[in-house]
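Hydrogens, waters and symmetry mates are skipped; everything else that's a heavy atom, side chains included, is used. By convention here, the first residue in the shown sequence is residue 1. Everything numeric in this text was worked out from a predicted model, so none of it was measured.
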Amino acid sequence: MKNKASSSFLKYIIPQYDEIALFAMSLTFALLLLAGVLLGNKDLQFEYISPRDFDPRIILAILVFFAGFVLSIYHAFVNRPKTSFEKSCMLFLLCY
């Protein structure tokens, strides 16, 4: 009984996204990134990062972020079940 009550409470706290919302957020991210690059935003250019400031964990985060971006666009057009890895990547895209 307690587990059922806690799971129904968590249903309202943990966000649930459908494919259309993920697609809209991914498209918005892509348009904002493109606008920032085209307008010459210095934060989006990698020429100012020195090699001693480089952290290899950033590459992993970028790869997972990009995977979530691609998967959210893919699942907007293809109707198939998502794996737990795909769901994790798309959640990473939305949360970070």
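Checked against side chain to side chain contact (heavy atoms under 4.5 Å, CB included), T83 has the following partners two or more places apart in sequence or in another chain: F85, E86. In this view, Y74 satisfies the ring pair (Phe, Tyr, Trp, His ring centres under 6.0 Å) rule with no residue, not counting sequence neighbours. Every side chain to side chain donor-acceptor pair (under 3.5 Å) that K82 has, sequence neighbours left out, goes to E19.
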Can you give the donor-acceptor pairs under 3.5 Å from side chains of residues 59-70 to other protein atoms, not counting sequence neighbours?
none

Under 3.5 Å, sequence neighbours excluded: what are the donor-acceptor pairs made by side chains of residues 21-37?
residue: S26; atom: OG; partner: L22; partner atom: O; Å: 3.0
residue: S26; atom: OG; partner: S72; partner atom: OG; Å: 2.3
residue: T28; atom: OG1; partner: A24; partner atom: O; Å: 2.7

